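Okay, so here's the structure we're looking at.
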Amino acid sequence: MDTVYDTDFYTWALSQSALAKARSSNELDWDNVAEELRLLSVSEERELTNRLRVLFCHLLKWMFQPERQSRSWNLTIANQRDELARHLAKNPGIKSKLPEASDHAYTLARRDAAIEADVDLDTFPAVRPFTDDEALNQAFWPLSAPPTEPKHH
């Protein structure tokens with residue numbers, strides 16, 4: 001049997017919020033409220049990983065394509081750092097997820113950078129060439145990597 005949760009999430013969420021504010025605990029849809037709260041934490045982790053992915057991709061391109069460095073890349077790096085700092089400040093408990101999120105984000109960013117640059121994946125190091133602290137630091141700008149012959153797919 002379908003419930004409002006299954007057929008109209010928006011209305012369900014508003015009603016559950018109103019019930020919680022009214023302290024109507026007997027009327028709350030406890031199982032679904034609990035699941036939605038869990039999913040909120042997953043969403044926060046996903047945002048962390050996605051922002052790291054964009055940041056790492058641009059840092060890799062910055063390092064390995066110095067001839068293409070641009071204000072656009074600079075702005076993307078700065079904006080991702082700002083948003084990551086804000087996200088971590090608003091969610092201090094998520095800092096414990098940073099190493100895992102960074103590892104996953106780097107794997108994705110490395111692939112993204114290779115596709116965007118139209119070069120072989122091995123152009124970019126398998127091990128992240130910067131720490132989390134460096135990547136998040138607005139003052140850190142990685143030096144360009146030593147020139148190598150581009151490896152095209």
Side-chain angles (χ1 to χ4, degrees), residues 4-17 20-21 29 31-153:
V4 176
Y5 176 79
D6 297 319
T7 60
D8 186 353
F9 180 79
Y10 177 80
T11 300
W12 174 86
L14 288 176
S15 71
Q16 293 303 298
S17 174
K21 282 183 180 181
D29 179 0
D31 290 341
N32 287 322
V33 168
E35 178 61 8
E36 290 304 319
L37 290 173
R38 186 190 68 76
L39 291 174
L40 283 174
S41 69
V42 170
S43 176
E44 295 300 321
E45 290 176 28
R46 188 177 318 113
E47 180 175 347
L48 177 65
T49 300
N50 288 339
R51 290 197 177 279
L52 288 167
R53 177 183 185 172
V54 173
L55 174 61
F56 293 169
C57 179
H58 279 76
L59 287 173
L60 284 171
K61 293 188 303 183
W62 187 270
M63 290 177 72
F64 289 87
Q65 293 184 294
E67 71 284 356
R68 297 190 64 200
Q69 290 175 357
S70 66
R71 282 187 274 184
S72 174
W73 287 1
N74 184 312
L75 183 61
T76 297
I77 291 168
N79 285 343
Q80 290 304 315
R81 286 173 167 164
D82 287 344
E83 291 301 321
L84 279 159
R86 183 174 177 266
H87 188 65
L88 291 166
K90 287 182 75 173
N91 300 284
I94 206 168
K95 287 180 183 171
S96 66
K97 297 289 187 177
L98 190 57
E100 178 185 343
S102 292
D103 289 344
H104 182 60
Y106 184 74
T107 298
L108 300 173
R110 183 173 172 247
R111 183 200 61 204
D112 294 349
I115 291 169
E116 286 183 26
D118 194 27
V119 297
D120 190 78
L121 184 65
D122 292 335
T123 301
F124 302 105
V127 176
R128 198 163 16 114
F130 39 79
T131 66
D132 287 335
D133 287 340
E134 288 171 333
L136 297 172
N137 182 345
Q138 286 287 6
F140 172 75
W141 289 94
L143 297 175
S144 299
T148 60
E149 280 297 310
K151 301 176 186 176
H152 290 282
H153 314 277

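Keep in mind the model is a prediction, meaning the values are calculated, not measured.
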Gap between atom [atom2] of [Y] and atom [atom1] of [X] - 0.5 Å precision:
| X | Y | atom1 | atom2 | value |
| --- | --- | --- | --- | --- |
| Leu84 | Leu136 | CG | CG | 6.0 Å |
| Glu45 | Leu40 | CD | CG | 11.5 Å |
| Arg51 | Leu88 | CZ | CG | 11.0 Å |

Quick one: does any side-chain atom of [X] pair with a main-chain N or O of [Y] as donor and acceptor, under 3.5 Å?
| X | Y | value |
| --- | --- | --- |
| Arg128 | Tyr106 | no |
| Glu134 | Thr131 | yes |
| Thr123 | Asp120 | yes |
| His87 | Glu44 | yes |
| Asp8 | Val4 | no |
| Thr76 | Ser72 | yes |

- What pairs with Ala135 under side chain to side chain contact (heavy atoms under 4.5 Å, CB included), at least two apart in sequence or on another chain?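 Leu55, Phe56, Leu59, Phe130.
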Measure the shortest side-chain to side-chain distance between [X] and [Y] over non-hydrogen atoms and say whether it is less than 4.5 angstrom.
| X | Y | answer |
| --- | --- | --- |
| Thr49 | Lys97 | no |
| Leu121 | Arg110 | yes |
| Trp12 | Ser17 | no |
| Gln138 | Asp82 | yes |
| Phe64 | Pro125 | yes |
| Trp73 | Arg68 | yes |

[X] versus [Y], closest heavy-atom pair with distance:
| X | Y | answer |
| --- | --- | --- |
| Gln16 | Asp29 | OE1-N, 2.8 Å |
| Ala89 | Pro92 | O-CD, 3.6 Å |
| Ser96 | Pro99 | O-CD, 3.6 Å |
| Cys57 | Ala109 | N-CB, 3.4 Å |

- Message: Quick check on Glu100: does its CD atom have over 12 non-hydrogen neighbours (other residues, nucleotides or ligands) under 6.0 Å away?
- Response: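 It does not: Glu100 CD has 12 such atoms or fewer within range.
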- Distance only, no hydrogens: is a donor on one side chain within 3.5 Å (strictly under) of an acceptor on the other, for Asn91 and Glu47? no
- Query: Are Glu36 and Arg38 close enough, and set up right, to give a side chain to side chain contact (heavy atoms under 4.5 Å, CB included), and what steps lead you there?
  - Reply: CA-CA 5 Å; Glu36 290 304 319; Arg38 186 190 68 76; over 6 Å; no
- Query: Mind checking whether Trp62 and Trp141 have parallel, tilted or perpendicular rings, split at 30° and 60°?
  - Reply: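 Rings of Trp62 and Trp141: tilted, as their planes differ by 30° to 60°.
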- Yes or no on side chain to side chain contact (heavy atoms under 4.5 Å, CB included) for Arg53 and Arg111, after CA distance, side-chain angles and deciding distance? CA-CA 10 Å; Arg53 177 183 185 172; Arg111 183 200 61 204; 2.8 Å; yes
- Message: Walk me through whether Phe124 and Val119 qualify under side chain to side chain contact (heavy atoms under 4.5 Å, CB included).
- Response: CA-CA 9 Å; Phe124 302 105; Val119 297; 3.7 Å; yes
- Message: Between Asn50 and Leu108, does the side chain to side chain contact (heavy atoms under 4.5 Å, CB included) criterion hold? Intermediate values first, please.
- Response: CA-CA 9 Å; Asn50 288 339; Leu108 300 173; 5.8 Å; no
- Query: Please walk me through it: do Asp112 and Lys61 pass salt bridge (charged side-chain N to carboxylate O under 4.0 Å, His left out)?
  - Reply: CA-CA 10 Å; Asp112 294 349; Lys61 293 188 303 183; over 6 Å; no
